[in-house]
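Everything on this sheet refers to the single structure shown next.
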Amino acid sequence: NFCFEQGIDVAYLSTSGRYRGRLENRLAKNALLRQRQQLRVNDPEFCRRNAAAIVAAKIHNMTSMIRQQRRLRAEGDHLIADLEKLLPKVAAAADLEALNGYEGAASKIYFRAFRAALRGEWQFQTRQYHPAPDPVNSLLSFGYTLLHNDVFAAVNIVGLDPYAGTFHRPRLGHAALASDLMEEHRAIVVDRLALTVLNKRIILETDFVPTPDQRFRLTPAALKRFLGMYAQQINESVLYPAQNIRTSYRQVLEWQARQFARVVMDEEPVYLPFRLESSQ
């Protein structure tokens with residue numbers, strides 16, 4: 001009753017952070033936000049401008065990840081240079097199709113670095129999914145699913161429509177905005193975690209069990225270890241430049257969703273994704 005009287009909406013999350021539902025005031029303030037969001041995501045220039053910012057930040061965070069991998073050395077510098085050559089093209093991209101092409105090219109370069117940073121005899125050549133053909137790709141897909149869930153929760157906490165995005169186009173059942181806002185975090189949250197658990201042998205080859213549909217799943221014990229490591233990673237302290245304070249990645253997800261909401265409401269001109277400096 002207090003929340004209703006004060007006009008406060010309440011988002012319900014599970015103890016693991018999964019979005020469960022929302023209690024809204026009958027005059028919910030997010031109605032205007034969602035109405036405005038629907039108008040903006042149908043504006044090609046709005047989508048292009050903000051999608052370009054998302055792709056540029058994803059590339060930036062890819063380079064930060066590569067710089068943190070001491071094993072790469074000269075090879076890493078070469079790959080970083082190739083990634084940085086894409087940034088002017090991203091800024092000048094005419095439409096979402098061009099941005100998708102540059103994002104795909106960046107991912108191919110980046111996963112060469114990921115493969116080089118991977119120790120042991122893991123059979124990983126490049127990023128593949130639907131279905132993931134090897135344990136490493138399977139682990140990455142699972143990690144991205146966890147991250148997508150956390151971004152989905154953050155978007156719902158803010159009151160945005162998670163299905164109306166700018167970079168990823170709408171399709172049935174796909175939370176496009178959650179996919180948009182997770183792009184800047186993929187490398188620095190999930191990929192870094194995957195390299196840690198695989199290179200430090202926290203997760204072993206024997207922890208993966210093939211399934212009848214030619215996929216791989218973690219054993220219950222390995223799943224518990226990975227979920228625990230993911231929880232540590234998402235709650236890790238990181239510098240948030242926009243406020244010059246240290247906070248958790250999980251809090252960053254919500255603050256970035258709020259930043260996108262301000263762009264939707266014309267309070268800020270363009271979305272400013274989270275960028276990790278390589279020293280962090």
Side-chain angles (χ1 to χ4, degrees), residues 34-66 79-115 125-133 137 140-141 144-145 147-148 151-152 155 160-191 253 256-257 259-266 268-275:
R34 290 199 174 202
Q35 183 182 52
R36 182 69 175 170
Q37 181 186 355
Q38 292 295 335
L39 290 174
R40 301 311 301 273
V41 300
N42 286 299
D43 177 353
E45 175 55 23
F46 178 87
C47 291
R48 186 207 62 80
R49 184 171 65 249
N50 289 286
I54 288 169
V55 174
K58 180 176 182 176
I59 294 174
H60 172 89
N61 288 341
M62 285 175 169
T63 63
S64 292
M65 251 293 294
I66 295 173
L79 294 172
I80 287 171
D82 287 345
L83 283 171
E84 290 179 338
K85 288 177 184 177
L86 291 171
L87 290 174
K89 298 178 181 179
V90 169
D95 51 35
L96 295 181
E97 183 178 359
L99 284 170
N100 269 296
Y102 296 137
E103 189 272 339
S107 292
K108 288 182 179 179
I109 295 168
Y110 167 75
F111 277 108
R112 285 164 51 197
F114 183 92
R115 181 184 61 195
Q125 295 302 317
T126 188
R127 175 70 182 133
Q128 297 181 58
Y129 47 92
H130 300 315
N137 270 295
L140 288 171
S141 291
Y144 296 147
T145 297
L147 178 60
H148 189 271
V151 178
F152 183 86
V155 167
L160 289 158
D161 182 350
Y163 295 92
T166 59
F167 181 44
H168 295 84
R169 304 318 296 156
R171 66 177 187 269
L172 184 64
H174 178 219
L177 180 59
S179 293
D180 287 353
L181 299 186
M182 76 175 277
E183 291 294 349
E184 66 214 65
H185 306 287
R186 282 179 181 261
I188 56 178
V189 175
V190 176
D191 300 348
L253 300 182
Q256 287 302 119
Q259 207 270 339
F260 184 82
R262 291 194 294 273
V263 175
V264 167
M265 298 303 293
D266 283 327
E268 294 188 22
V270 67
Y271 178 63
L272 298 176
F274 175 73
R275 292 173 175 245

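Start at 1 with the first residue, then count along the sequence.
Listed by chain and number, the residues in a side chain to side chain contact (heavy atoms under 4.5 Å, CB included) with Ala175 are His148, Phe152, Pro162, Tyr163, Ala178 (sequence neighbours excluded). Taking Gln38 as the reference, Val41, Asp161, Ala164 meet the side chain to side chain contact (heavy atoms under 4.5 Å, CB included) condition, with sequence neighbours excluded. The ring pair (Phe, Tyr, Trp, His ring centres under 6.0 Å) search around Phe111 returns Phe114, not counting sequence neighbours. Listed by chain and number, the residues in a salt bridge (charged side-chain N to carboxylate O under 4.0 Å, His left out) with Arg112 amount to none (sequence neighbours excluded).
Two residues are said to be in side-chain contact when any heavy atoms from C-beta on lie closer than 4.5 Å; Ser141 and Arg127 meet this criterion.
Of all heavy-atom pairs between Val190 and Leu140, the closest is CG1-O, 4.0 Å. Scanning both residues, Arg40 and Asp266, for their nearest heavy atoms gives NH1-OD1, 2.7 Å. Val264 and Arg36 make their closest contact through O-CG, 3.1 Å (heavy atoms, listed as atom of the first residue, atom of the second, distance). The minimum heavy-atom distance linking Val151 with Met182 is given by the pair CG2-CB, 3.7 Å. Across every non-hydrogen atom of Ala94 and Ala98, the tightest pair is N-CB, 4.4 Å. Between Gln128 and Pro133, the shortest heavy-atom contact is CB-CD, 3.7 Å.
Checked by atom type and distance alone, the side chain of Arg115 pairs as donor or acceptor with a backbone atom of Gln125 at under 3.5 Å. Between the side chain of Asn61 and the backbone N or O of Glu184 there is at least one donor-acceptor pair closer than 3.5 Å. Proximity of a side-chain donor or acceptor of Gln259 to a complementary backbone N or O of Leu272 within less than 3.5 Å is detected. Between the side chain of Arg262 and the backbone N or O of Glu268 there is no donor-acceptor pair closer than 3.5 Å.
Between the CG atom in Asp180 and the NZ atom in Lys58 there is a gap of 11.0 Å [rounded to 0.5 Å]. Remark: Leu147 CG to Glu183 CD distance equals 9.5 Å, nearest 0.5 Å. The OH atom of Tyr110 sits 12.0 Å away from atom CD of Glu103, with the distance rounded to the nearest 0.5 Å. With values rounded to the nearest 0.5 angstrom, Asp82 atom CG is found 11.5 Å from Ile59 atom CD1. Distance CG/Leu253 to NE2/His185: 5.0 Å, rounded to 0.5 Å. Here the CD1-CG distance, from Ile66 to Asp191, works out to 10.0 Å after rounding to the nearest 0.5 Å.
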task = Given side chain to side chain contact (heavy atoms under 4.5 Å, CB included), test Leu177 with Phe260 step by step and report yes or no.
result = CA-CA 10 Å; Leu177 180 59; Phe260 184 82; 3.7 Å; yes
query = For Leu99 and Val90, what are the C-alpha separation, side-chain angles and deciding distance, and is it a side chain to side chain contact (heavy atoms under 4.5 Å, CB included)?
reply = CA-CA 6 Å; Leu99 284 170; Val90 169; 3.7 Å; yes
task = Take His174 and Leu172, measure what side chain to side chain contact (heavy atoms under 4.5 Å, CB included) needs, and give me the verdict at the end.
result = CA-CA 6 Å; His174 178 219; Leu172 184 64; over 6 Å; no
Contacts under 3.5 angstrom, residues 44-57 side chains, donor-acceptor by atom type, not counting sequence neighbours:
{"from": "Glu45", "atom 1": "OE1", "to": "Arg48", "atom 2": "NE", "distance (Å)": "3.1"}
{"from": "Glu45", "atom 1": "OE2", "to": "Arg48", "atom 2": "NH2", "distance (Å)": "2.9"}
{"from": "Arg48", "atom 1": "NH1", "to": "Ala93", "atom 2": "O", "distance (Å)": "3.3"}
{"from": "Asn50", "atom 1": "OD1", "to": "Tyr271", "atom 2": "N", "distance (Å)": "2.8"}
{"from": "Asn50", "atom 1": "ND2", "to": "Phe46", "atom 2": "O", "distance (Å)": "2.8"}

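Within the structure, side-chain hydrogen bond (donor to acceptor under 3.5 Å, both in side chains) contacts touching residues 83-101 (residues at least two apart or in different chains) are Arg67-Glu84.
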